[in-house]
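Structure first, then comments.
In what follows, every chain begins at residue 1, and chains take the letters A, B, ... in the order their sequences are listed.
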Amino acid sequence: MREYKDEIGRLLEPLVNLTAARIMDLLEVPPEPQLGDLAFPCFSLAPVLKKSPAAIAEELSRKLSGQRGTFWEKAVSRGPYLNFFLDPVVFARDTLARILKEKTDFGKTNIGQGRTVVIDYSSPNIAKPFGIGHIRSTVIGHALYLLYQALGYRCIGINHLGDWGTQFGKLIVAYKRWGNEAELLADPVNYLFQLYVKFHQLADKEPELEYEARFWFKKLEEGDAEAYDYWNRFRQMSLDNYNQIYDLLGIKFDFFHGESHYNDMLEGVIRLAREKGIARESEGALIVDLEPHGLPPVMLQKKDGATLYITRDLAAAIYRYETFNFARALYVVGAEQKLHFQQLFKVLELLGFEWAQNCFHIPFGLIRFKEGRMSTREGNVIFLEEVLQRAIRMAREIIEEKNPGLADKESAAIAVGLGAVRFGDLSNDRIKDIEFDWDKALDFSGETAAYIQYAHARICSILRKAGGAELTWSDDAAAYLQQEEERALVKILALLPEKVLASAEAYRPSILARYLIDVARGFNRFYHRCPVLGSDAALQQARLLLIDATRQVLVNGLALLGIAAPEEM
RNA sequence: GCGCCUGUAGCUCAGGGGACAGAGCGACGGAUUCCUAAUCCGCAGGCCGCAGGUUCGAAUCCUGCCAGGCGCACCA
């Protein structure tokens, strides 16, 4: 669409007193296709020319009457707008040729030019089960990783495991008191979770448990061998479990640098804060006063000498910059931690790190129950593993019912089941809270991944039936695509690159997800109106090229969301 | 108490200055001798939380209020 706007910008520049760039900026897409393809609103010219916007539009259309450009065939005034109609044949030829030539590269650009983006995502807390609450960071972060890669950035995915902190003291206490080796080995993560819940139930009545837990965490920080052995075992058991889920989801990280990774850098952070004169003692603890910046104070060190979450985050940020020299660092972490990141970035700035301005918190809303918030402590969680398995099982049942003859039901079920769960998290604006509902999580109709995948599978089916021979592009084909549904579909397909860009820049995978729904809808309308196979040879060829391009757009788009596109389902 | 986020159709949500506010689900009515009906078409359903303001123009920006959610030094 850029080339078209560019042409119109240059066309109008001498006629109105605006730069081509400004005109391109003003151009918008009319709400109805009958109105045209691109509209130039004349409102802003009215006060300058002392004429009504409608009169200006009218005058411009008179000046352009009888003219046509490379891409547009006519310009018509309509109220205060000057509406351009693109030449549908030229447009279809350009768009389809480009998609079919670029193939999997369609939608990608190189505006990143190899610069580095560090993305911190997933980051579950070790020794707790992987709950449904963690899927958002995992899935959104992974989509951003793929999107930035598509823009030519070098992405570094870091899983900032919550593998340090008082919860390990709690687990050690719980295991020493009530633990059973056989039960632990049988189902490690679940068992550790039960111990964690039990600890909190009893800690309400026996406050000395909390005291003991802090004691054991202190020992762990001091390098006590027994504490370390427990920690290391619990950590490894959890990681083994998480890796199964990541494998199933096809998610990879470049580094599993958890909080523990930064232990020997904490002293340096504290020393630096003292040197810079931003840290001071308060009630026995070491704090950074952020009041001049309108933020609550940050604590770097407790009065018992132990460090906190933010101390480790400071060390991690500095380490990441020194190691990767990032152009941007993204933290895909829940919105409830907004203040934490404001404080983190401010302290980095006060420490003199200019790159602090390139650090961004990418927040997302909570997943809640109707009854209220999920809480690991209260054992009130839904395991992601269970959600994924149920989704796959349900997809399998539907396939059994709809397409009993399908050869590979299992891989289709996995693609559809996992796609549904992922899409549920990606399709809505990430900032909104999600109320967890089994029916919604397992829904395969309407605006879901299955809708998109189904359109893709249908296209593949038609292409198979057409003989599967390599389609050859012909510039003449575009002239045969005259139906309204065909032209509408072409217009949608052309949008992929700008949607990918917008999605990445706004850190909102939902923009791409919504767009793919539009593509699938455009295809379905075409499908019902325009038979592909059995139409006359030239038309069939043109339609095969159109659906092949559609297939490519769906595949490319779904890939950027981490969703599989099965050829049959 | 202070701060941040959210409020659009019965429900879940798009749209985030510009042409009559859009989908999905649910309800109702249709479409298959033909490429997968996980589809498509139609119909019904709206003081865009409330009140002011800015603007030629506000669901969209600003202010106040209301409702819900989330935060605010020894958890992460």
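- In terms of the salt bridge (Lys or Arg N to Asp or Glu O under 4.0 Å) criterion, R393(A) has no residue partners (sequence neighbours excluded).
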Grab the N/O contacts between the protein and nucleotides 8-12 of chain B below 3.5 Å, and write none if there aren't any.
none

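- Both P296(A) and P80(A) lie close to RNA chain B; mapped to their nearest nucleotides by heavy-atom distance, the more 5′-ward contact belongs to P80(A).
- The salt bridge (Lys or Arg N to Asp or Glu O under 4.0 Å) search around E410(A) returns R396(A), not counting sequence neighbours.
- For G7(B) and C48(B), the C1' atoms lie 10 Å apart once the distance is rounded to whole Å.
- Every residue meeting the salt bridge (Lys or Arg N to Asp or Glu O under 4.0 Å) condition with K51(A), not counting sequence neighbours, appears here in chain and number order: E59(A).
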If you look only at distance, which donor and acceptor atoms sit under 3.5 Å apart when one is on a side chain in residues 499-508 of chain A and the other is two or more places apart or in another chain?
| unit_1 | atom_1 | unit_2 | atom_2 | d |
| --- | --- | --- | --- | --- |
| S503(A) | OG | R508(A) | O | 2.7 |
| S503(A) | OG | L512(A) | N | 3.3 |
| Y507(A) | OH | R328(A) | NH1 | 3.0 |

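- When the P atom is used for both U60(B) and U54(B), the distance is 15 Å, rounded to whole Å.
- Within residues 305-314 of chain A, the residues approached by RNA chain B to less than 4.0 Å at the level of any non-hydrogen atom are L308(A), Y309(A), R312(A), in residue-number order.
- Taking the six-membered ring where tryptophan is involved, the planes of H160(A) and Y262(A) are tilted, since the angle between them lies from 30° to 60°.
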Extract from the structure each pairing of a protein N or O with an N or O of nucleotides 38-44 of chain B at less than 3.5 Å, listing the distance.
| unit_1 | atom_1 | unit_2 | atom_2 | d |
| --- | --- | --- | --- | --- |
| A38(B) | OP1 | Y454(A) | OH | 3.3 |
| A38(B) | OP2 | K402(A) | NZ | 2.9 |
| U39(B) | O3' | N524(A) | ND2 | 3.3 |
| U39(B) | O2' | R458(A) | NH1 | 3.1 |
| U39(B) | O2' | H528(A) | NE2 | 2.8 |
| U39(B) | O2 | H528(A) | NE2 | 3.1 |
| C40(B) | OP1 | Y451(A) | OH | 2.4 |
| C40(B) | O4' | H528(A) | NE2 | 3.1 |
| C41(B) | OP1 | R525(A) | NE | 2.6 |

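- The salt bridge (Lys or Arg N to Asp or Glu O under 4.0 Å) check on D548(A) picks up R551(A), with sequence neighbours excluded.
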Canonical and wobble pairing (Watson-Crick, G-U, under 3.5 Å) of RNA chain B, dot-bracket with |: (((((((..((((....[...))))..((((.......))))......(((((..]....))))))))))))....
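- Here the separation of G22(B) from A9(B), taken at their C1' atoms, is 10 Å to the nearest Å.
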Side-chain polar contacts of residues 280-292 of chain A - donor-acceptor pairs under 3.5 angstrom, sequence neighbours left out - could you list them?
| unit_1 | atom_1 | unit_2 | atom_2 | d |
| --- | --- | --- | --- | --- |
| E281(A) | OE2 | R274(A) | NH1 | 3.3 |
| D289(A) | OD1 | E291(A) | N | 3.0 |

Table please: side-chain donor-acceptor pairs of residues 301-308 of chain A below 3.5 Å, with sequence neighbours left out.
| unit_1 | atom_1 | unit_2 | atom_2 | d |
| --- | --- | --- | --- | --- |
| Q301(A) | NE2 | G305(A) | O | 3.1 |
| D304(A) | OD1 | A306(A) | N | 2.9 |
| T307(A) | OG1 | R312(A) | NH1 | 3.3 |

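- As rounded to the nearest Å, C43(B) and G26(B) have C1' atoms that lie 14 Å from one another.
- Of the residues in residues 40-55 of chain A, those placing a heavy atom less than 4.0 Å from an atom of RNA chain B are F43(A), in numerical order.
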